[in-house]
Amino acid sequence: MRPRSDGEPSCRACLFAATARCASFWLATVTSSFSFLYSTNGIMASWPSKLEKFATAHYLSTPLTGEKVQAMYVWIDGTGEGLRCKTRTLDKLPKDPSELPVWNFDGSSTGQSRGEDSDVFLRPNAIFKDPFRRGDNILVMCSTYMPDGSPNFTNKRHTCEQVMTKAAAEKPWFGIEQEYTLFGMNGQPFGWPNGGFPGPQGPYYCGVGTDKVYGRDFVEAHYRACLYAGIKIAGTNAEVMPSQWEYQVGPCLGIEMGDHLWMSRFIAHRVSEDFGVVVSFDPKPIDGDWNGAGCHTNYSTEAMRQEGGIKAIHAAIELMGKKHNEHIVAYDPHGGEDNKRRLTGRHETASWEDFSFGVAHRGSSIRIPRQVDEDGKGYLEDRRPSSNCDPYVVTERVVRTTVPSADI
């Protein structure tokens with residue numbers, strides 16, 4: 001390139017240099033974004049997440065024509081813990097779940113049917129706004145049914161709804177504290193030293209600072225996504241074990257509790273895809289001197305919330321104590337076996353073998369909050385449900401025990 005007469009490089013040279021700089025920057029950025037994962041034979045196993053997200057954002061910004069809506073159907077799979085989903089196109093935005101079509105899936109691939117008779121049907125129960133596709137697109141919480149119309153064996157919502165309908169006059173309110181732990185793709189709690197452990201528990205609960213909390217970006221994203229979706233999420237905080245968090249959903253009336261908590265879990269798993277972390281609802285994810293994870297269930301009836309309601313609270317606790325074993329079996333998806341690892345009598349738990357209650361006592365089965373005791377009305381907190389519990393099962397069990405007329 002010839003220099004200009006004033007000694008400055010030509011415009012073409014400037015353009016060439018700028019282009020080279022941009023290309024170098026782009027290459028460096030993309031290279032740094034790549035997290036190549038190779039198998040033993042050297043074949044690349046995954047693409048860089050950042051590059052994918054940029055590309056996805058471009059296509060998701062493409063407007064839909066007419067009134068077309070994408071509806072993602074979500075359901076609980078055969079494990080009683082996992083969630084599955086798939087999407088269909090609708091011609092218009094539905095106003096109520098009854099306007100949505102019944103759909104089906106291959107239950108033999110989700111542990112919900114046999115291969116020779118694999119169709120399982122999805123009946124829509126609740127609609128939420130889709131925080132990922134946004135616009136008029138929706139998430140749909142569904143329950144599973146067999147071709148003859150009977151509920152699939154994994155469908156715990158069916159009987160829960162029956163119980164809640166019978167107990168409607170009692171106006172049962174629930175608020176659930178969902179605890180969970182973030183893990184890296186290497187199977188280690190997110191932010192923990194490689195091959196080691198962080199300092200002892202103490203500074204992490206409701207903590208702030210790089211050395212106190214791990215994964216706040218995920219937590220904030222999940223919180224905002226739930227609010228957008230219409231989940232009745234009430235708050236969030238860092239928990240006692242580092243990389244362990246909690247969010248609260250409620251108050252919810254009756255069957256609504258299960259719908260909202262399950263969808264909040266789905267959103268958590270979906271957000272985790274964007275951050276490259278794994279959300280674990282295991283009730284005791286790390287052995288040793290570390291807190292487990294629960295799903296503390298706050299519960300009240302209208303009688304408990306009225307003046308003098310403390311009497312109704314104590315009456316409910318007495319009934320729950322008489323059916324302690326039935327509750328333990330119902331409070332995790334493996335008949336109480338998961339909770340045996342967590343409910344040891346240590347780490348702010350009561351032993352699974354014993355029933356107890358107390359005012360402001362976090363080592364009891366049932367806790368009466370101090371303010372409730374002073375006000376003489378309010379609610380109780382059942383601290384026994386595990387973090388991986390089915391909220392349909394838990395809320396059904398609580399109501400069946402405390403409202404005998406609603407038992408089925």
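When atom types are taken as modelled, the side chain of Tyr73 and the backbone of Val102 share no donor-acceptor pair closer than 3.5 angstrom. The main-chain N or O of Val398 is never found under 3.5 Å from a side-chain atom of Thr401 such that the two would form a donor-acceptor pair. Using modelled atom types, no side-chain atom of Ser118 and backbone atom of Arg114 make a donor-acceptor pair closer than 3.5 Å. Judged by distance alone, with hydrogens and angles left aside, the side-chain atoms of Ser113 form a donor-acceptor pair with the main-chain N or O of Ser108 at under 3.5 Å. No side-chain donor-acceptor contact under 3.5 Å links Asp375 to the backbone of Lys377. The closest donor-acceptor contact from the side chain of Asn137 to the backbone of Gln70 lies under 3.5 Å. Judged by distance alone, the side chain of Arg341 and the main-chain N or O of Pro283 form no donor-acceptor pair under 3.5 Å.
We find the OG-CD1 distance between Ser356 and Ile317 to be 10.5 Å, quoted to the nearest 0.5 Å. Here the straight-line distance linking atom CD of Gln244 with atom CG of Leu182 works out to 10.0 Å at 0.5 Å rounding. In this structure, CD in Glu170 is found 9.0 Å from CE in Met304, a value given to the nearest 0.5 Å. Lys322 NZ to His327 NE2: the interatomic distance, rounded to the nearest 0.5 Å, is 12.5 Å. In this structure, Thr144 OG1 and Lys156 NZ are separated by 9.5 Å, a value rounded to the nearest 0.5 Å. Residue Glu318 holds its CD atom at 9.5 Å from CZ of Phe355, rounded to the nearest 0.5 Å.
The cationic atom of Arg84 (NZ for Lys, CZ for Arg) does not lie both less than 6.0 Å from the six-membered ring centre of Phe105 and within 45° of the ring axis. Relative to the ring axis of Tyr331, Arg384 does not place its NZ or CZ within 45° and under 6.0 Å from the centre.
Looking at heavy atoms from C-beta onward, Phe128 lies out of side-chain contact with Ser264 at the 4.5 angstrom threshold. Residues Arg397 and Cys389 are not in side-chain contact: their nearest non-hydrogen atoms beyond the backbone lie 4.5 Å or more apart. For the pair Ser351/Leu343, no side-chain contact is recorded, criterion being any heavy-atom separation below 4.5 Å from C-beta on. Looking only at side-chain heavy atoms (C-beta outward), Ile138 and Leu93 come within less than 4.5 Å of each other. Counting only heavy atoms from C-beta outward, the side chains of Cys160 and Ile255 approach each other to under 4.5 Å. Considering only heavy atoms from C-beta on, Phe132 stays 4.5 Å or farther from Met72 through its side chain. The side-chain heavy atoms of Glu246 and Tyr205, taken from C-beta on, include no pair separated by under 4.5 Å. At least one side-chain heavy atom of Phe197 sits under 4.5 Å from a side-chain heavy atom of Trp290.
Using a 4.0 Å cut-off between charged side-chain N and carboxylate O, Lys340 and Glu337 make a salt bridge. Remark: Lys232 engages Glu256 in a salt bridge, criterion side-chain N to carboxylate O under 4.0 Å. Between Glu374 and Arg370, none of the side-chain N atoms (NZ, or NE/NH1/NH2) sits under 4.0 Å from a carboxylate O, so this pair counts as no salt bridge.
Counting non-hydrogen atoms of other residues, nucleotides and ligands closer than 6.0 Å to NZ of Lys86 gives a total above 12. Annotation: Phe357, atom CZ; neighbour count of heavy atoms from other residues, nucleotides and ligands within 6.0 Å does not exceed 12. Within 6.0 Å of CZ on Arg134 lie no more than 12 heavy atoms contributed by other residues, nucleotides or ligands.
Separation of the Phe190 and Phe183 ring centroids does not fall under the 6.0 Å cut-off. Residues His269 and Tyr180 place their aromatic rings such that the two centres sit no closer than 6.0 Å.
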Start with the C-alpha distance between Ile310 and Val372, add both sets of side-chain angles, then the distance that settles side-chain contact (heavy atoms from CB on, under 4.5 Å), and finish with yes or no. CA-CA 8 Å; Ile310 193 70; Val372 170; 4.3 Å; yes

Trp75 and Gln112: CA distance, side-chain angles, deciding distance, side-chain contact (heavy atoms from CB on, under 4.5 Å) verdict: CA-CA 11 Å; Trp75 72 96; Gln112 291 169 286; 3.4 Å; yes

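Taking all atoms of both residues into account, the shortest heavy-atom contact from Pro97 to Ile127 is N-CD1, 3.7 Å. Of all heavy-atom pairs between Gly294 and Glu179, the closest is N-OE1, 2.6 Å. The heavy-atom pair separating Val74 from Cys85 by the smallest distance is CG2-CB, 4.2 Å. The heavy-atom pair separating Ser300 from Arg305 by the smallest distance is OG-NH1, 2.8 Å. Nearest heavy atoms, Pro172 versus Tyr299: CB-CE1, 4.0 Å. Among all heavy-atom pairs drawn from Pro94 and Glu99, the shortest one is CA-OE1, 3.4 Å.
Note on residues 333-352: no pairs pass ring-ring contact (aromatic ring centres under 6.0 Å, His included), not counting sequence neighbours. The stretch residues 188-214 participates, sequence neighbours left out, in no salt bridge (charged side-chain N to carboxylate O under 4.0 Å, His left out) pair at all.
One side chain, Trp262 or Asp390, offers a donor N or O that lies under 3.5 Å from an acceptor on the other. In the model, Tyr392 has a side-chain atom that pairs as donor or acceptor with a side-chain atom of Asp259 under 3.5 Å. Side-chain N/O atoms of Thr79 and Glu81 include no donor and acceptor closer than 3.5 Å. Judged purely by distance below 3.5 Å, without hydrogens or angles, the side chains of Glu396 and Thr159 pair a donor atom with an acceptor atom. Between the side chains of Asn388 and Asp338, at least one donor N or O lies within less than 3.5 Å of an accepting N or O. Between the side chains of Ser98 and Asp96, at least one donor N or O sits under 3.5 Å from an acceptor N or O. Between the side chains of Asp289 and Gln201, not a single donor N or O lies within less than 3.5 Å of an accepting N or O.
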For residues 161-168, run the donor-acceptor check on the side chains, cut-off 3.5 Å, and write out each pair with its distance to 0.1 Å, sequence neighbours left out.
{"from": "Glu161", "atom 1": "OE1", "to": "Arg157", "atom 2": "NH1", "distance (Å)": "3.3"}
{"from": "Thr165", "atom 1": "OG1", "to": "Glu161", "atom 2": "O", "distance (Å)": "2.8"}
{"from": "Lys166", "atom 1": "NZ", "to": "Asp407", "atom 2": "O", "distance (Å)": "3.3"}

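In this structure Phe121 satisfies the ring pair (Phe, Tyr, Trp, His ring centres under 6.0 Å) test with no other residue, sequence neighbours excluded. Partners of Lys129 under the salt bridge (Lys or Arg N to Asp or Glu O under 4.0 Å) rule, at least two apart in sequence or in another chain, do not exist in this structure. Residues forming a salt bridge (Lys or Arg N to Asp or Glu O under 4.0 Å) with Asp91 (at least two apart in sequence, or on another chain): Lys68.
Partner of Pro198 under the side chain to side chain contact (heavy atoms under 4.5 Å, CB included) criterion, out of Pro203, Pro193, Ser243, Pro189: Pro193 alone. For the pairing with Ser143, the side chain to side chain contact (heavy atoms under 4.5 Å, CB included) check across Leu122, Ile76, Asn125 returns one residue only, Asn125.
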